**Student:** 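Below are the structure tokens for one structure; questions will follow.
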Amino acid sequence: MDITEALEQSQPGLVARVKDAIHQHKLNQRSEQTYLHWITRFVLFSDMKDPDALANEDRQKFLDYLNERMRVSRARFNQASQALTFFYEDVLGKTPAGDDGCAAA
């Protein structure tokens with residue numbers, strides 16, 4: 001399965017929404033790939049739930065998992081956190097309630 005197929009399965013048209021938001025912000029191709037990677041991993045981690053139904057607690061669980069269980073580097077953790085912030089704010093139109101706990105590892 002292609003990595004973006006999981007996003008499409010969770011919500012049809014989601015990949016296009018993410019790419020449109022990325023292009024609006026004039027991010028480069030590498031940023032697009034990185035954001036799509038982390039957003040897809042988040043959706044897969046969340047059992048393919050509809051992304052609009054995902055709450056800030058789901059985001060925090062994923063970041064805790066990356067930090068505590070996967071022990072990703074600070075740089076990768078920051079990439080994931082930034083990608084999810086972008087996803088919530090610029091794609092889903094949600095403002096994360098109090099970013100407490102989402103700081104760098």
Side-chain angles (χ1 to χ4, degrees):
M1 174 188 294
D2 182 87
I3 194 159
T4 57
E5 287 179 38
L7 285 181
E8 281 300 308
Q9 287 180 7
S10 68
Q11 187 182 89
L14 187 58
V15 172
R17 286 174 57 195
V18 171
K19 287 184 176 186
D20 286 346
I22 287 170
H23 294 152
Q24 285 177 356
H25 286 276
K26 297 183 169 103
L27 300 177
N28 64 33
Q29 184 178 11
R30 185 64 183 135
S31 295
E32 178 178 322
Q33 292 170 344
T34 301
Y35 279 21
L36 283 170
H37 169 84
W38 286 115
I39 292 167
T40 300
R41 284 190 61 180
F42 172 59
V43 169
L44 289 170
F45 177 83
S46 303
D47 296 323
M48 301 284 290
K49 290 181 190 170
D50 181 346
D52 286 322
L54 295 172
N56 288 316
E57 295 80 32
D58 298 304
R59 173 185 174 199
Q60 190 57 48
K61 284 179 190 174
F62 179 66
L63 292 174
D64 289 344
Y65 168 77
L66 291 177
N67 190 35
E68 297 166 11
R69 300 281 307 269
M70 297 301 293
R71 299 189 182 272
V72 298
S73 68
R74 177 181 291 251
R76 297 206 28 111
F77 180 87
N78 287 340
Q79 284 179 344
S81 182
Q82 289 173 345
L84 294 184
T85 297
F86 175 84
F87 182 56
Y88 271 79
E89 293 178 0
D90 296 299
V91 178
L92 300 178
K94 296 180 180 181
T95 304
D99 265 345
D100 48 317
C102 290

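Worth knowing before you read on, the calculation uses all heavy atoms, side chains too, and leaves out hydrogens, waters and symmetry mates. Here the structure is a predicted model, which means the values were calculated and not measured.
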**Student:** Would you say K94's side chain and L54's backbone share a donor-acceptor pair under 3.5 angstrom?
**Tutor:**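 Yes; judged by distance alone, with no hydrogens or angles, the pair exists.
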**Student:** Answer yes or no: is there a donor N or O on one side and an acceptor on the other, between the side chain of E8 and the main chain of G13, under 3.5 Å?
**Tutor:** yes
**Student:** Give a yes or no on whether the backbone of R76 and the side-chain of S73 come within a donor-acceptor separation of less than 3.5 Å.
**Tutor:**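 It does hold such a pair.
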**Student:** Taking side chain as C-beta onward, heavy atoms only, is D58 less than 4.5 Å from K49?
**Tutor:** yes
**Student:** Output yes when a side-chain donor or acceptor of N67 lies under 3.5 Å from a complementary backbone atom of D64, and no otherwise.
**Tutor:**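 Such a contact is absent between N67 side chain and D64 backbone.
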**Student:** Angle between ring planes, F86 versus H25, binned at 30° and 60°: parallel, tilted or perpendicular?
**Tutor:** perpendicular
**Student:** To the nearest 0.5 angstrom, please state how far the OG1 atom of T34 sits from the CD1 atom of I39.
**Tutor:** 10.5 Å
**Student:** Compare all side-chain heavy atoms of L36 with those of E32 and state whether any distance is below 4.5 angstrom.
**Tutor:** yes
**Student:** Looking only at atom types and distance, does a side-chain atom of Y65 sit under 3.5 Å from a main-chain N or O of Q60, one as donor and one as acceptor?
**Tutor:**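 Checking the backbone N and O of Q60 against the side chain of Y65, no donor-acceptor pair under 3.5 Å is found.
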**Student:** For residues R71 and L66, determine if any side-chain heavy atom of one lies less than 4.5 Å from a side-chain heavy atom of the other.
**Tutor:**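 No, their side chains stay 4.5 Å or more apart.
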**Student:** Got W38 and F62 here, is their nearest side-chain heavy-atom distance under 4.5 Å?
**Tutor:**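 Sidechains of F62 and W38: in contact.
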**Student:** Quick one: does any side-chain atom of H37 pair with a main-chain N or O of Q33 as donor and acceptor, under 3.5 Å?
**Tutor:**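 It does not hold such a pair.
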**Student:** Are any side-chain N or O atoms of S31 and backbone N or O atoms of L27, one a donor and one an acceptor, separated by less than 3.5 Å?
**Tutor:** no
**Student:** What I'd like to find out is whether the side chain of I22 reaches to under 4.5 Å of the side chain of D90, using heavy atoms alone.
**Tutor:**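 No, every pair of side-chain atoms sits at 4.5 Å or beyond.
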**Student:** Atom CZ in F45, atom CZ in R59: separation rounded to 0.5 Å?
**Tutor:**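 With rounding to 0.5 Å, CZ (F45) is 14.0 Å from CZ (R59).
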**Student:** A6 and V43: which non-hydrogen atoms are nearest, and at how many Å?
**Tutor:** O-CG1, 4.5 Å
**Student:** Between the main-chain N or O of D52 and the side-chain N or O of D50, is there a donor-acceptor pair closer than 3.5 Å?
**Tutor:** yes
**Student:** Any donor and acceptor pair, going by atom type alone, linking the side chain of T85 with main-chain N or O of S81 inside 3.5 Å?
**Tutor:** yes
**Student:** Can you measure from CD (Q9) to CG (L44) and round to the nearest 0.5 angstrom?
**Tutor:** 9.0 Å
**Student:** Is the centre of the Y35 ring less than 6.0 Å from the centre of the F87 ring?
**Tutor:** no
**Student:** Can you tell me how far the CG atom of L7 sits from the CG atom of L14, to the nearest 0.5 Å?
**Tutor:** 5.0 Å
**Student:** Could you tell me the separation between the CD atom of E89 and the CG atom of L84, rounded to the nearest 0.5 Å?
**Tutor:**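 The CD atom of E89 sits 11.0 Å away from the CG atom of L84.
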